[in-house]
Amino acid sequence: MKEYRPNEIEKKWQDIWEEKRVFEAKDDKSLPKFYALVEFPYPSGEGLHVGHPRSYTALDIVSRKRRLEGYNVLFPMGWDAFGLPTENYAIKHKIHPRIVTEKNVERFKKQLKSIGFSFDWSREINTTDPDYYKWTQWIFIKLFEKGLAYKKEMPINWCTSCKVGLANEEVVGGACERCGGEVVRKVKNQWMLKITEYADRLIDDLELVDYIERVKTQQINWIGRSEGMEVYFKIAEKEDVLKVFTTRPDTLYGATYMVIAPEHPLIEKYKDIIENMDEVRKYQEYVSKKSDFERTELSKEKTGVEIKGLKAINPVTNKEIPIWISDYVLMTYGTGAIMAVPAHDSRDWEFAKKFNLPIVEVVKGGNVEKEAYTDTESGILVNSELINGLEVKEAIEKISNWLEEQGLGERKVNYKLRDWVFSRQRYWGEPIPLVECEKCGWVPVPEDQLPVMLPEVENYEPTDTGESPLANITEWVETNCPKCGGKAKRETDTMPQWAGSSWYYLRYIDPHNPNALASKEELDYWMPVDWYNGGMEHTTLHLLYSRFWHKFLYDIGIVNTREPYMKRTSQGMILGENNEKMSKSRGNVINPDGIVAEFGADTLRTYEMFIGDFEKAVPWSENGVKGCRRFLERVWRLQDIVVTGDEYTKELEASIHKTIKKVSEDYESLKFNTAIAALMTLLNEFNDSGKITKADMKTFLILLNPVAPHITEELWEIIGLPGMLHESQWPKYDEEKIKEDILELPVQVNGKVRGTIMVNVDDGQEVIKEKVKENKGIMKHLEGKQIVKEIFIPGKIYNIVVK
RNA sequence: GCGGGAGUGGCGGAAUUGGCAGACGCGCUAGACUUAGGAUCUAGUGUCCUUUGACGUGGGGGUUCAAGUCCUCUCUCCCGCACCA
């Protein structure tokens, strides 16, 4: 027997697979298809992370299994290559981001290939490729044409010292990550996409798909649909009306003041009337330095300023109430204004306590002097003329009807989900393919002129006015209107990184098509994606964005399915050995290259699948890696005990059938760790038996193949099985052979196991009773006791209750 | 703060979904073989007492013949929060 040298055999088989193109999806549309998708990586400068192979190996296993089951499998890979880190690297090192990207992609590709994933590399895509982003731009134009893209004033993070716009991530504790300078919010006119128009469908259609539960709930909560009332509060002595959204119109009689967001337009409108405008301005400035996230933190002290000179009128009590501004009210949620009911909302309660505002109880049930009473199940309305004595639910109904009749409000559905800010003041992204004409306004670039290519620039830094670097290239910006031929300017903002990843699964289907994002024929065959695995962190942004785009493409007749992904699963994170997130600064990063070089790709793959519950975060363990290498060494040594034979060894037969069942099911249900454990157990039985037939070995090798594809192919060849493993078929099991006739039944006395008896599967309670009597160990616990009850669960347990 | 998730030996985890807690692997202990090695093989390994046994799934309370699993209160940790990908 030769020594097990993974580096040699892994290279050998990777070359064979590539040369024979065994993992390329087939053209034969008569075959059943299986489309497996993993999130394509952002090719960062750091190279592949051990977290990537966790997700990739999982679906590689499923893909390899499905191929052996006769499916036509599409398992593609590509690059989500636009992005901030590449751009920042390019700025710092004065290298074009395209070159940085090429270099990173090359490295990633080499790394992925060394791990032996069965990707169909003939369909590789790259979001920064003009042939690709042509279609990203095309989709944007369609969205624009259907009125789903619009311009709106939105704040960006602005570093006052670098004079550039910053991503949220680049703002650390209110300061610029690069220079430590002060960051404020600066308003810019930006492109937005109306994802909110699809909010209901994004919730409802979750019923059509098989996503793990936590993904569904997280999406539903992120969209945050709530039904309530928009109530109109008149501004005293003015024509204006302040609209607020509330889910608790029943508490309207308890609304003792109002709070509007510090950025609320009302303030600008009445700036000449507001008596304490200086104070208001100061507070606005203070708030402009905070993120929405910081603003809504409850733990902090409430802050705010009363707007003097403006009052609102409570529509049911007709009393004048004060209007405040406070940072806990966000312009981005609801109407940017709230009615404050301190007795029945905890944030309002805290605010009222701090500023000595009146707290009026309108739902009886708690002690509103001590805390807000927010229960909606058991309270009874008081101090509320029209709805006194009603329960909360009835009160909401009645007051809502009344408000609608009086024209003081309207039933509304509100969402937490906000429209998608689609503009970035950056270079390394898809140019937004629109032109602003002096006469015609915003005009899309005609389809035959796509893609709008990213022009070459000298300097990738955003301009000090907050414009994208493209704004400096006059000859690019200045163009003619496609409609009227007159003078026009190109949009200089680029798209966010999410754009390219919102439809990439469609391009894999027909990656080289110059005439369409994918042909109808191919889409009909391959869509939807059967199984999409990726990180939990993409649940509320990427996953939702791509579902939104897909639904839009469905609406305009491009795709034929309402949902892009039939099934969505999610892996846990791999942490450093010290149980902390892997990061350069913590110095606990594990490089997969090192593991492949030292232990082999099969060991890396096996370990990543055996490391723990696939869906949970787990710390890396070098010893665990060694253990998996040892397992593969034992597998390697099996070749010494193989004897000829086309049938399973009699004594091993039941175990083999059981293992086929277990492994087949576990691979499909993300329980890779227990599948491998089952294979280890079978291996131990093989070794105990001393010799195994070729048939035993063959089944074992096929079952292990998806996890450790190289060693199993090699052993297949060594022991002389016909053809190559990847050409064989997934084994079947026989349920009859798994059944055991005799089993050990635990016997409990008062719920505690006192012994076991051997029983036949079909033994009745009477037979078992007799067998118990023969067992001295158990009978001892019954001495001098009176049997009260006996419980027999066939095949599980026999419990005797005594007094 | 809001939303999602997780707590089981020294460690990663398993438990047919209410039925023998700790499969499998790591680590550790002892032994065997040694051309002394981070190799391989054998045995042991939740905690406590010498044994019968008792205790044991973050903590408290409950339901049940039976609870890691169900109910209730509570503590701790992790992830996301819209311009990172």
Side-chain angles (χ1 to χ4, degrees), chain A residues 39 41-42 44 80 82-85 154-157 165-171 190 195 213-215 217-222 224 291-300 328 332 346-347 416-426 496-498 501 535-542 544-545 572-573 575 579-581 607 610-613 615-628 630-631 633-634 637 662 671 673-674 676-681 684 687 744-756 780 788-791 793 795-802:
Chain A
E39 285 161 356
Y42 173 69
S44 71
D80 188 16
F82 276 128
L84 202 57
M154 285 300 289
I156 60 165
N157 300 304
L166 299 176
N168 284 350
E169 204 192 43
E170 297 174 291
V171 182
Q190 312 208 60
I195 188 172
E213 222 36 54
R214 58 197 165 124
V215 169
T217 22
Q218 231 175 76
Q219 288 210 341
I220 291 168
N221 291 334
W222 180 261
S291 66
D292 282 4
F293 176 42
E294 289 169 311
R295 283 171 56 168
T296 50
E297 246 172 320
L298 191 63
S299 48
K300 68 168 174 75
Y328 79 96
T332 47
S346 33
R347 283 166 308 177
K416 282 207 187 83
L417 180 72
R418 314 201 287 256
D419 277 341
W420 175 4
V421 186
F422 202 69
S423 296
R424 298 291 182 276
Q425 294 71 45
R426 292 277 170 180
Q497 172 276 339
W498 309 110
S501 60
M536 241 2 242
E537 67 276 18
H538 289 112
T539 304
T540 50
L541 297 179
H542 158 66
L544 211 55
Y545 289 152
M573 212 187 303
L575 307 169
N579 235 314
E580 286 176 34
K581 201 170 170 172
Y607 175 61
F610 188 62
I611 188 167
D613 183 336
E615 305 197 70
K616 286 191 206 151
V618 272
W620 186 265
S621 153
E622 179 92 22
N623 278 327
V625 178
K626 279 192 223 160
C628 288
R630 229 175 279 166
F631 165 61
E633 296 272 4
R634 286 203 295 275
R637 271 183 261 126
K662 172 87 180 148
K671 291 162 139 188
N673 53 339
T674 49
I676 293 168
L679 286 166
M680 288 172 168
T681 307
N684 292 342
N687 280 327
E744 205 182 20
L745 187 79
V747 179
Q748 298 183 327
V749 177
N750 284 349
K752 290 207 166 86
V753 178
R754 298 301 184 184
T756 57
K780 204 170 68 187
V788 184
K789 201 173 174 186
E790 287 174 75
I791 295 130
I793 311 290
K796 304 257 185 184
I797 207 126
Y798 195 83
N799 191 10
I800 304 160
V801 186
V802 296

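Worth knowing before you read on, the calculation uses all heavy atoms, side chains too, and leaves out hydrogens, waters and symmetry mates. These numbers were taken from a predicted model, which means no experiment stands behind them. Reminder, nothing fancy here: chain letters follow the sequence lines and each chain counts from 1.
Judged by distance alone, with hydrogens and angles left aside, the side-chain atoms of A/D419 form a donor-acceptor pair with the main-chain N or O of A/I195 at under 3.5 Å.
In this structure, A/W498 and A/H538 have perpendicular ring planes: the angle between them is above 60°, well past the 30° mark.
Among the heavy atoms of the strands, none lies under 4.0 Å from A/I800. Base contact: A/N799 has a heavy atom under 4.0 Å from a base atom. The residue A/S423 sits close to a base: some heavy atom pair falls under 4.0 Å. Residue A/I156 is in base contact, counting any heavy-atom pair closer than 4.0 Å across all strands shown. Among the atoms of the strands shown, none is found under 4.0 Å from any heavy atom of A/R426. Contacts of A/Q748 with the nucleic acid, taken as non-hydrogen atoms under 4.0 Å apart, include base atoms. Using a 4.0 Å heavy-atom cutoff across all strands shown, A/Y42 reaches sugar-phosphate atoms only and no base atom. If you check every strand for non-hydrogen atoms under 4.0 Å, A/E633 touches nothing.
Proximity note for A/D613 (side chain, C-beta onward) versus B/A14, B/C20, B/C65: the nearest is B/A14.
Contact annotation: A/K662 side-chain N/O to B/C24 OP1/OP2 distance is not under 4.0 Å. Not one side-chain nitrogen or oxygen of A/N168 sits closer than 4.0 Å to the OP1 or OP2 atom of B/C84. The shortest distance between the side-chain N/O atoms of A/N221 and the OP1/OP2 oxygens of B/G4 is below 4.0 Å. Checking the phosphate oxygens (OP1, OP2) of B/C83, no side-chain nitrogen or oxygen of A/N157 falls inside 4.0 Å. For A/K789 and B/C65, the shortest distance from a side-chain N or O to OP1 or OP2 is below 4.0 Å. A/R630 has no side-chain polar atom (N or O) that falls below the 4.0 Å cut-off from OP1 or OP2 of B/C24.
Taking the C1' atoms as reference points, B/G60 lies 42 Å from B/A43, given to the whole Å. Here, B/U64 and B/G59 have their P atoms 23 Å apart, quoted to the whole Å. Nucleotides B/U17 and B/C78, compared at atom C1', are 25 Å apart to the nearest Å.
A salt bridge links A/R426 and A/E170; the closest N-O separation between the charged side-chain nitrogens and carboxylate oxygens is under 4.0 Å.
When every heavy atom of A/Q190 is checked against every heavy atom of A/I156, the shortest pair comes out as NE2-CG2, 3.2 Å.
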